[in-house]
Amino acid sequence: MFESFSVIFLSILIEALPFVMLGAIAASLIEIFITPAWITNHMPKNPLLAYPVAGLMGIIFPVCECAIVPIMRKLIKKGTPVGLATTFMLAVPIVNPVVLLSTSYAFPNSPMVWLRGSMGFTGAIIIGLTLHRFSSNQILKNGDFAKTPISVDAFNIVSPEIINKDNSLWSNITKSASKIASHTQHELFDVGRFLILGAFVSAAMQVFVPREFLLQVGGSPVQSILLMMGLGFVLSLCSEADAFVASTFRYQFTTGSLLAFLIYGPMTDIKNTLMLLGAFKPKFVARLILTISIVCFALAYLVNVFGF
Amino acid sequence: MKTKLNPWIWLFILIGFTVMLLELVITERILFFLHPRMVKFVYFAITVLVILLIDQIKLLYFNHKNLRKESIKWSFLIYLIPLFLALFRPTYLSGAILENKHISLGERPMVENQEPQIDINSDQKITPDIYEDGFLEIIEDLQENLNSRIGSEVELVGFVFRTSTFSENQFVVSRLLITCCTADAGVAGILVEGENLDIFPNDSWVKVIGKVEKHFYSDPQANLEFEIPKLVVISIEEIEPLSTPYIFP
């Protein structure tokens, strides 16, 4: 039993680790080379275009949901409308190449990649539009960006000028390289903890939860979604790795519930909520989470009803 | 208590993970954890770990004067859990946990009042040459062409697996089927029926030669009836476990 548990636990971890590293490296590159000003300057002014573009931004900025909160905050500070920034914040951790790549490896020969991408995109836009209509623009928490209880190295958005044109090319490269390495270390440390926890819980569910229970809940179109959403919220997994945890349930749980796990988790979870509360007013955070929950449930339920 | 130990602990953790992954890859034990197509990502992970190792060593060697004293991060304990478990070199999944897994017996659902399902490759006969331990190929063939295989002799090598739905003189000769990693492994096999089968304990490895028959199986949960292939034992012997016991479709 102990050996079986260890094998399952380690297999999830080893499988997901390379993708978490990819995400950490990508996040470091973005931290060093891109500024939120670039984003606001390149967003189309026409709202009909702006929302879909915000929904697709993750393709250029594959940022984990952990690092997205400070970016969102800077965007709001620079005057980005709330709805648009929300769509950006929710879509980027889902509609991005690293996440979709890991999803395709975790669910081979399955429509899950397309489901996740399209439903994540759609959901992010719906939620953004809803908040645009139902939320004020004054959402920033008063005072400084409070230090959150979970240590995230201050997301140092550095303007491209750090690459000093006067210095030699080689010294710029080595300076950037060591910056990337140290950012990656911190990102990896931060995210790795939750990956280990998620793999642990997933392995424990496999070994200790009786099959009948899993089949009963997992097969029911509504209960399965609720359970998976709850799990996604609690586990606070990085979106690069959560596909591997979800795929361990793929035989017992409905497709809709797995999809719910894969879009709800990146949009909101314990860790993410704590970070949001550190940056935004509680009323906004509450509205946000409520809207996310309703929309994700609805999309997942539709998938179950249409029999994927 | 504030110390400068944190970077050292992280260095130790990085070394630990690098060694763990290297050992798995070099001894090929990695195939007990992952599907072969995922192994290239482990090489990538090892490379990244080595780069981070070098960066951390640089930090401790050149910049140690700049390190602040801070309290030890408790989160490091979480990282020690997988390293600790890996020390025991876990490798095999045991029978008890397999009951929680997805089980595939080559079933086809039966629909009432319908003609028997048309077999796809009816012309092909099973001969020993085609199936060089193609366990997966054999059971897929039995599933698709059951009607035309009835009466043929088939040889299968796998481990003994029992569930409560079958009787005492039955077990399933199985392999573990891995799609990405062991966590989503499923049991795939064929029902075997014979006399005195209880001398073979669960998880023991056997070579079975049997005659193909049809068996009707009702799944109490799904409330469906299935027809599955069954091998009536002609000969059966216990063997050593295979060195590559998993199947990787």
Side-chain angles (χ1 to χ4, degrees), chain A residues 1-22 24-25 105-109 150-151 177-178 180-182 184-185 188-190 192-194 196-197 199-200 202-203 205-212 214-216 219 244-245 247-252, chain B residues 10 13-14 17 20-21 24 30 32-35 37-38 40-49 51-52 54-56 58-59 73 75-76 78-79 81-82 84-86 88-104 178-186 221-222 249:
Chain A
M1 195 65 100
F2 175 74
E3 185 176 14
S4 301
F5 172 82
S6 300
V7 172
I8 295 179
F9 166 65
L10 288 173
S11 73
I12 301 175
L13 193 60
I14 296 172
E15 187 187 29
L17 187 64
F19 293 91
V20 167
M21 284 176 171
L22 264 180
I25 295 172
Y105 271 94
F107 289 89
N109 308 320
I150 297 173
S151 103
S178 65
I180 294 173
S182 86
T184 304
Q185 301 253 33
L188 199 60
F189 166 75
D190 190 43
R193 303 177 286 173
F194 293 94
I196 294 174
L197 179 65
F200 195 93
S202 184
M205 279 183 76
Q206 277 213 13
V207 174
F208 296 114
V209 177
R211 185 163 179 252
E212 298 74 36
L214 286 179
L215 280 178
Q216 189 170 26
F244 296 109
V245 169
S247 80
T248 68
F249 296 108
R250 102 173 133 241
Y251 293 118
Q252 290 114 337
Chain B
W10 182 243
I13 291 173
L14 285 178
F17 274 92
M20 176 181 91
L21 291 183
L24 285 177
I30 190 76
F32 283 93
F33 292 85
L34 295 185
H35 191 288
R37 71 197 167 100
M38 306 294 286
K40 52 180 175 284
F41 293 109
V42 180
Y43 288 120
F44 169 72
I46 294 176
T47 312
V48 172
L49 280 172
I51 294 175
L52 294 182
I54 296 174
D55 178 68
Q56 190 72 358
K58 264 180 49 188
L59 174 83
K73 293 187 186 168
S75 301
F76 286 138
I78 301 181
Y79 281 95
I81 298 178
F84 174 70
L85 291 179
F88 294 94
R89 305 185 84 229
T91 315
Y92 299 106
L93 293 183
S94 69
I97 192 238
L98 292 180
E99 287 177 13
N100 277 351
K101 296 258 175 213
H102 173 74
I103 303 168
S104 156
I178 312 271
T179 26
C180 358
C181 71
T182 320
D184 55 50
Q221 237 119 26

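The chains referred to below are lettered A, B, ... by the order of the sequence lines, with proteins before strands, and numbering in each begins at 1.
Residue contact with chain B, scored on non-hydrogen atoms closer than 4.5 Å, is absent for A:Ala203. Looking at B:Ile13, there are no atoms closer than 4.5 Å to chain A (heavy atoms on both sides), in backbone or side chain. Only the side chain of A:Ile25 comes within contact range of chain B, with heavy atoms under 4.5 Å apart. Neither the backbone nor the side chain of A:Phe249 comes within contact range of chain B; no heavy atoms are under 4.5 Å apart. Using a 4.5 Å cut-off between heavy atoms, B:Leu21 touches chain A through its side chain atoms alone. Looking at A:Val245, there are no atoms closer than 4.5 Å to chain B (heavy atoms on both sides), in backbone or side chain. Contact annotation for B:Ile54: neither backbone nor side-chain heavy atoms come within less than 4.5 Å of a heavy atom of chain A.
When each of A:Phe2, A:Phe5, A:Phe9 is tested with B:Phe88 by the rule ring-ring contact (aromatic ring centres under 6.0 Å, His included), just one qualifies, namely A:Phe2.
Chosen from B:Leu34, B:Leu24, B:Leu52, B:Ile46, the residue pairing most often with chain A at heavy-atom distances under 4.5 Å is B:Leu52. Heavy-atom pairs under 4.5 Å with chain B were tallied for A:Met1, A:Gln252, A:Arg250; the largest tally goes to A:Arg250. Put simply, of B:Phe44, B:Phe17, B:Phe76, B:Trp10, the one with the most heavy-atom pairs under 4.5 Å next to chain A is B:Trp10. Interface remark: of the candidates A:Asn109, A:Leu22, A:Leu17, A:Ile14, A:Ile14 forms the most heavy-atom pairs closer than 4.5 Å to chain B. Among the candidates B:Gly186, B:Pro82, B:Ala185, B:Ser75, the residue making the largest number of heavy-atom pairs closer than 4.5 Å to chain A is B:Pro82. Taking B:Ile51, B:Ile81, B:Thr91, B:Val42 one by one and counting their heavy-atom pairs under 4.5 Å with chain A, the maximum is reached by B:Thr91.
Scanning both residues, B:Phe33 and A:Leu10, for their nearest heavy atoms gives CE2-CB, 3.8 Å. When every heavy atom of A:Ser11 is checked against every heavy atom of B:Ala183, the shortest pair comes out as OG-N, 3.2 Å. Taking all atoms of both residues into account, the shortest heavy-atom contact from B:Ala45 to A:Pro18 is CB-CG, 4.0 Å. Contact record, B:Met38 with A:Tyr105: SD-CD2, 3.4 Å, taken as the closest heavy-atom pair. What you find for B:Gln56 and A:Gln185 is that their closest heavy atoms are OE1-NE2, 3.3 Å. Residues B:Cys181 and A:Glu15 come closest through the heavy atom pair SG-OE1, 3.0 Å.
Residues passing the ring-ring contact (aromatic ring centres under 6.0 Å, His included) test with B:Tyr92 are B:Phe32, sequence neighbours excluded. B:Tyr43 meets the ring-ring contact (aromatic ring centres under 6.0 Å, His included) test with no other residue; sequence neighbours excluded.
B:Leu93 has its side chain within reach of A:Ile8: a pair of non-hydrogen atoms, C-beta onward, lies under 4.5 Å apart.
The 12-atom threshold is not exceeded at CZ of A:Phe200, counting heavy atoms of other residues, nucleotides or ligands nearer than 6.0 Å.
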